[in-house]
Amino acid sequence: MNTKRVISIALALVLVFSLAACTRTINVNVNYSGAQPVAQNNVASQPAASDTNASSADTSNASQPASTDASKPADNSAGADTSASDNASSGELSSTSPKEDIVAEYIKVYNTTKATGTFTGKDSMTCDSVTIDGSENGTVKNLADKFMTANGTDLQLPPYSDTDEGKECKTTAADIDKAEYTDNGDGTATIKLFPASVTNSRKFSDAQGNMFNVMEDVASALANISVLKWSEGDANSNVVLTSGGGYCEVTYDKASKMMTKAEYVLITTADVKHANILFLKDKSAVAQFTYVMSFPG
């Protein structure tokens with residue numbers, strides 16, 4: 001399985017190419033499968049600004065009864081005996097089903113599909129926007145997009161790491177702000193889930209990390225750039241990654257619980273402050289990236 005990506009870190013491109021007017025290209029090898037889980041995470045209190053869908057916080061389902069068992073993380077195995085799972089397996093799901101029941105069905109579908117090891121995909125990554133000291137900079141955005149690549153193949157459903165293949169679904173109902181279910185009328189159904197926004201997400205540790213191969217350890221990569229200094233603090237205090245606005249959308253066969261198509265869209269915003277490069281002092285930059293995993297690939 002090819003899990004290694006060669007990408008140019010968004011922030012590095014912003015600072016080096018634009019602020020310093022330098023031609024040095026900074027490519028960083030990021031192994032999306034190499035991050036270690038952490039004991040805790042920093043969950044943002046509000047969804048990201050771009051997260052128009054997730055910010056609805058599932059208000060449409062507020063009046064629906066919730067399954068008390070389906071939202072428990074411990075019940076994420078495909079065979080979990082929960083009322084939500086029973087409802088889903090009996091074909092009772094509809095567009096008005098409670099979030100907990102839809103998530104329970106997704107968990108069953110994810111576990112069934114990933115257990116086969118044959119449903120693999122590919123990925124892509126783009127830079128959506130770059131803002132420097134409050135002003136958008138299209139030139140730097142295009143440079144970032146040009147030098148950033150993610151072209152893995154034969155990828156398993158996310159998340160996964162070198163130490164955890166993620167054989168069972170990590171997502172819980174508590175992770176999800178909004179869940180949508182559509183019966184396609186041809187023996188298949190589509191589930192779309194919007195996880196809650198998270199700051200400095202870690203795999204297997206929060207709403208974003210339970211669903212996606214989230215960006216990790218960008219601060220340490222920036223700390224190794226010799227021309228980059230800080231007016232105050234360090235890379236850890238001045239670099240913030242916020243993931244929000246993304247989603248997963250899976251279509252599956254209702255009888256076999258096998259996915260036929262899936263897309264995982266991770267949206268991450270990198271916010272950098274107090275950066276010094278050569279004669280430029282105390283600069284700030286914000287860049288947004290979209291990382292997409294498509295199945296089958």
Sidechain-backbone polar pair: [X] side chain, [Y] backbone, donor-acceptor under 3.5 Å:
X	Y	value
N111	C169	yes
D234	S237	yes
N213	Y160	yes
N184	D186	no
S161	T163	yes
T113	M259	yes
T268	S243	no
S94	T96	yes

Is any side-chain heavy atom of [Y] closer than 4.5 Å to one of [X]?
X	Y	answer
T112	M258	yes
D282	E232	no
M293	F212	no
E263	V292	yes
K99	E180	no
K283	N276	no
V130	V286	no
C248	Y264	yes

[atom2] on [Y] to [atom1] on [X], rounded to 0.5 Å:
X	Y	atom1	atom2	value
L193	I102	CG	CD1	8.0 Å
M125	C127	CE	SG	8.5 Å
T172	E100	OG1	CD	10.0 Å
T153	K122	OG1	NZ	10.5 Å
T118	Q156	OG1	CD	8.5 Å
I191	I107	CD1	CD1	10.0 Å

**Study point:** Over 12 non-hydrogen atoms of neighbours within 6.0 angstrom of NZ in K167
**Key:**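 Incorrect, the count does not exceed 12.
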Considering all heavy atoms of both residues, which atom of [X] and which atom of [Y] are nearest to each other, and what is their separation?
X	Y	result
Q208	A196	NE2-O, 2.9 Å
Q288	T269	OE1-OG1, 3.6 Å
G209	P159	O-CG, 3.4 Å
G134	T131	C-CG2, 3.3 Å
S231	K281	OG-C, 4.4 Å
L93	S97	CA-OG, 3.3 Å

**Study point:** Member of D206, L241, T242 meeting the side-chain contact (heavy atoms from CB on, under 4.5 Å) criterion with T199
**Key:**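 Answer after filtering D206, L241, T242: T242.
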Point to revise | Intermediate values then yes/no, side chain to side chain contact (heavy atoms under 4.5 Å, CB included), Y252 and K254 | key: CA-CA 6 Å; Y252 66 98; K254 293 193 295 182; 4.1 Å; yes
Side chains of [X] and [Y]: do they bring a donor and an acceptor to under 3.5 Å?
X	Y	answer
T190	T251	yes
Y110	E168	no
T171	N210	no

Review point. Is the shortest distance from a Lys or Arg side-chain nitrogen in D164 or K170 to a carboxylate oxygen in the other one below 4.0 Å?
Key: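 Result for this pair is yes, salt bridge flagged.
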**Study point:** Check ion pair E105-K257 (N to O, under 4.0 angstrom)
**Key:**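 Result for this pair is yes, salt bridge flagged.
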Practice item. Just jot down the salt bridge (charged side-chain N to carboxylate O under 4.0 Å, His left out) partners of K273, sequence neighbours excluded, or say none. Key: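 K273 satisfies salt bridge (charged side-chain N to carboxylate O under 4.0 Å, His left out) with D271 only.
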Point to revise | Criterion side chain to side chain donor-acceptor pair (under 3.5 Å) on D128 and T126, from CA distance to verdict | key: CA-CA 6 Å; D128 305 320; T126 58; 3.3 Å; yes
Practice item. Please lay out, stage by stage, how V272 and V239 fare under the test side chain to side chain contact (heavy atoms under 4.5 Å, CB included). Key: CA-CA 5 Å; V272 171; V239 181; 4.1 Å; yes
Practice item. Classify the angle between the aromatic ring planes of F295 and F119 as parallel (below 30°), tilted (30 to 60°) or perpendicular (above 60°). Key: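 Taking F119 first and then F295, their aromatic rings lie parallel (interplane angle under 30°).
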Exercise for review: Consider only side-chain heavy atoms of I, L, V, M, F, W and Y, link residues closer than 4.5 Å, and tell whether V265 and F194 are in one cluster.
Suggested key: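 Yes, because V265 and F194 connect within a single hydrophobic cluster, where side-chain heavy atoms sit under 4.5 Å apart.
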